[in-house]
Amino acid sequence: ELQENYMQYKTSRKEWEDTYIKGLDLLGFKYVNPTQPFQGASGATHPVLAEAVTQFQAQAYKELLPSMGPVRTQVLGRPSRQKEEQSMRVKNFMNYQLMDVMKEYEPEFDQMLFYLPLAGSAFKKVYYDELLGRAVSKFVQADDLVVPYTATSLADAEAVIHVIKMSENDLRKKQVGGFYRDIEVNPGYDQESEVEKKERQLEGVKKTKDEDVFTLLECHVNLDIEGFEDMKDGEPTGIKLPYIVTIEEGSRQVLSIRRNYRQEDLLKNKIQYFVHFRFLPGMGFYGFGLIHMIGGLSRTATTALRQLLDAGTLSNLPSGFKQRGIRVRDEAQAIQPGEFRDVDAPGGNIKDAFMTLPFKEPSQTLLSLMGTVVQAGQRFAAIADMQVGDGNQQAAVGTTIALLERGSRVMSAIHKRLFVGLKQEFNLLAGVFKTYLPPEYPYDVVGAQRNVKQTDFDDKVDIVPVADPNIFSQSQRISMAQTELQLAQANPQMHNMYEAFYAMYSAIGVKEIDKILPPPPQPTPLDPAVENIMALSSKPFQAFKGQNHQAHITSHL
């Protein structure tokens with residue numbers, strides 16, 4: 001039944017797959033040599049789509065995954081010293097896990113940010129891996145996650161089916177370890193999906209022989225299993241409960257059935273393992289990517305570019321008709337620049353014996369049209385970076401901020417969607433740590449030893465991405481800091497000038513700011529005589545803990 005459901009769900013999204021497959025050709029990664037309309041016609045692809053995808057990936061990767069780690073924490077409720085220390089332990093441990101222990105996290109996150117603007121949807125699966133003995137956050141392509149036609153989100157999907165490719169050796173390890181049933185499973189024919197075939201084709205890779213690779217269908221579904229019914233007052237209620245059923249697709253053998261709710265949970269809520277990242281919200285479950293939004297413009301720009309190149313080729317290498325009976329020496333070879341050939345013309349007039357076909361040079365109208373199409377695509381997909389050095393430096397602060405906000409509206413919304421997805425991913429990771437960590441876990445980092453407690457992952461600390469959802473590029477950050485500095489310099493008496501300059505240096509990426517901008521001197525304990533001098537000079541001074549306050553007061557009096 002589950003296998004039939006999977007086939008129906010996959011068939012229902014066939015048009016989505018076809019759109020994605022055709023759109024991958026627009027990247028132009030594979031150069032083609034078309035034979036129509038003539039041998040040697042242009043096979044170039046306009047890079048408008050590839051440029052938009054590459055720019056988005058580069059910018060989002062830099063902002064969302066800084067070198068110090070992507071996680072920050074904030075205390076919920078009334079702050080206290082204990083909560084602050086707990087918050088710091090959680091932040092340090094999660095960044096250590098993501099950047100040092102989970103070796104697959106950084107390259108897979110990088111790959112996901114390239115895939116996301118193309119397909120419109122990408123997924124992360126967060127779980128504890130028994131073989132590795134640690135938490136894993138795995139990138140899952142939209143092609144490998146199948147949901148029913150009626151689903152609008154992961155939360156309300158009746159079923160979520162994850163297609164897993166696993167080698168024979170890894171499957172055997174999980175069988176011996178007790179994760180799957182220890183039964184004999186013969187590897188079936190590893191059938192590549194159309195999307196996989198297209199992606200391999202773009203890489204320049206093709207399948208040459210069958211490998212012992214198993215296709216597992218991990219079905220996150222609701223079932224009413226006989227003998228394990230939901231009971232109320234000793235009677236079955238008929239309510240379906242969450243389970244994870246794993247099937248080997250080739251043999252249709254059930255490898256495992258596991259409950260997908262916590263044993264102590266009276267409501268039996270489904271445990272969520274997947275996080276959905278959307279580029280643009282679609283009409284249904286899957287998001288829209290640049291293939292859907294500017295695929296038509298990219299295809300049009302490619303067609304216009306090829307026509308222009310073909311017109312140039314035909315006008316530079318003319319062809320035509322010659323009168324029968326004309327004999328040209330070595331006529332099978334093309335005439336080289338500066339070369340003259342012998343011609344035998346019976347009529348004596350060579351000019352009348354040849355006629356070239358009337359090919360036009362590349363059209364200026366077509367070139368202008370292509371420019372308009374490309375601008376429209378770039379305007380839609382632009383990762384709008386306002387250049388700080390451009391424009392009028394004397395412009396009002398409000399004008400600068402308004403222009404910045406207007407140019408970055410679309411990217412800000414996409415960045416916020418990624419921010420929300422990352423927050424969900426980090427919270428799922430925190431749940432894995434809470435379940436599988438020992439009561440106290442010491443770990444070594446460069447130059448220090450730290451530890452984290454299992455109880456640190458509770459509701460007192462909120463785990464969020466370190467990226468600011470309102471700022472998505474360094475150019476935007478520099479513009480904001482520059483605007484703050486202009487306002488502070490306009491009225492320095494009302495502002496903390498040190499903080500204004502510090503923010504500007506931070507925005508432009510200066511590492512050792514304290515060497516360039518020495519911090520203001522901090523107040524230190526003074527003796528009563530110096531305090532008297534400062535009071536006479538109208539300079540402020542203050543009391544400190546540990547001083548003999550009564551002696552100070554007596555001296556001042």
Side-chain angles (χ1 to χ4, degrees), residues 50-74 91 94-100 102 104-124 137 139 275-281 287 289-290 378 380-389 400-401 403-427 429 462-484 502-511 513:
E51 181 186 7
V53 170
T54 307
Q55 283 189 11
F56 167 81
Q57 189 271 346
Q59 196 158 25
Y61 184 62
K62 181 176 177 292
E63 284 297 314
L64 297 173
L65 198 65
S67 57
M68 299 302 291
V71 177
R72 67 182 169 93
T73 51
Q74 51 194 16
K91 173 190 163 185
M94 289 196 68
N95 283 324
Y96 161 73
Q97 285 284 323
L98 290 170
M99 303 304 287
D100 296 331
M102 296 164 64
E104 77 285 346
Y105 186 83
E106 201 166 346
E108 290 202 357
F109 187 74
D110 193 9
Q111 186 184 8
M112 186 195 81
L113 289 177
F114 185 84
Y115 177 89
L116 178 65
L118 285 172
S121 283
F123 300 89
K124 279 292 195 76
S137 180
F139 163 49
V275 179
H276 190 176
F277 290 87
R278 284 188 180 92
F279 188 75
L280 293 170
L290 292 175
Q378 289 177 335
F380 178 86
I383 315 306
D385 265 352
M386 181 177 175
Q387 301 299 324
V388 179
T400 306
I401 297 294
L403 286 172
L404 187 64
E405 191 274 334
R406 182 183 175 186
S408 61
R409 206 172 291 157
V410 175
M411 186 54 202
S412 291
I414 296 169
H415 189 69
K416 284 184 180 179
R417 277 189 284 276
L418 294 179
F419 183 89
V420 170
L422 271 181
K423 185 175 180 181
Q424 292 175 3
E425 180 187 355
F426 294 158
N427 280 302
L429 265 176
D462 188 25
I463 300 165
V464 292
V466 73
D468 187 338
N470 300 307
I471 296 178
F472 58 85
S473 74
Q474 187 161 0
S475 299
Q476 188 181 7
R477 192 175 287 108
I478 291 171
S479 295
M480 297 289 286
Q482 191 178 37
T483 303
E484 289 175 8
Y502 193 93
M504 188 65 201
Y505 280 121
S506 298
I508 60 178
V510 176
K511 295 293 182 187
I513 302 176

Can you see which heavy atom on [X] is nearest to which on [Y], and at what distance?
X	Y	value
S121	G287	OG-N, 2.7 Å
L116	A122	CD1-N, 3.8 Å
A507	I478	O-CG1, 3.7 Å
P117	F56	CG-CD2, 3.5 Å
K91	R72	CG-CA, 4.2 Å

Inset, instruction - Would you please name every residue forming a salt bridge (charged side-chain N to carboxylate O under 4.0 Å, His left out) with E51, sequence neighbours left out? - result: none
Inset, instruction - Name all residues meeting the salt bridge (charged side-chain N to carboxylate O under 4.0 Å, His left out) criterion together with E104; count only those two or more places apart in sequence or in a different chain, and write none if there are none. - result: R134
Inset, instruction - State yes or no: are the ring centers of F139 and Y115 separated by less than 6.0 Å? - result: yes
Measuring from [X]:[atom1] to [Y]:[atom2], what's the distance to the nearest 0.5 Å?
X	Y	atom1	atom2	answer
I513	M504	CD1	CE	11.5 Å
F109	L98	CZ	CG	10.0 Å
L422	L429	CG	CG	10.5 Å
E108	L113	CD	CG	12.0 Å
M94	M99	CE	CE	13.0 Å

Legend entry - side-chain contact (heavy atoms from CB on, under 4.5 Å) between N95 and M68, intermediate numbers included: CA-CA 7 Å; N95 283 324; M68 299 302 291; over 6 Å; no
Inset, instruction - Any chance you could lay out the side-chain contact (heavy atoms from CB on, under 4.5 Å) test for L290 and F279, step after step, and finish with the verdict? - result: CA-CA 9 Å; L290 292 175; F279 188 75; 3.9 Å; yes
Taking side-chain hydrogen bond (donor to acceptor under 3.5 Å, both in side chains) as the test, write out the residues that go with [X], two or more places apart.
X	answer
Y505	none
N427	none
Q74	D462
E425	Y105, K124, S137

Legend entry - side-chain contact (heavy atoms from CB on, under 4.5 Å) evaluation trace for L65 with E106: CA-CA 8 Å; L65 198 65; E106 201 166 346; 3.4 Å; yes
Legend entry - Note, L418 side chain near F277 side chain (heavy atom, < 4.5 Å): yes
Inset, instruction - Could you please spell out the steps behind the side-chain contact (heavy atoms from CB on, under 4.5 Å) verdict for F114 and Y61? - result: CA-CA 9 Å; F114 185 84; Y61 184 62; over 6 Å; no
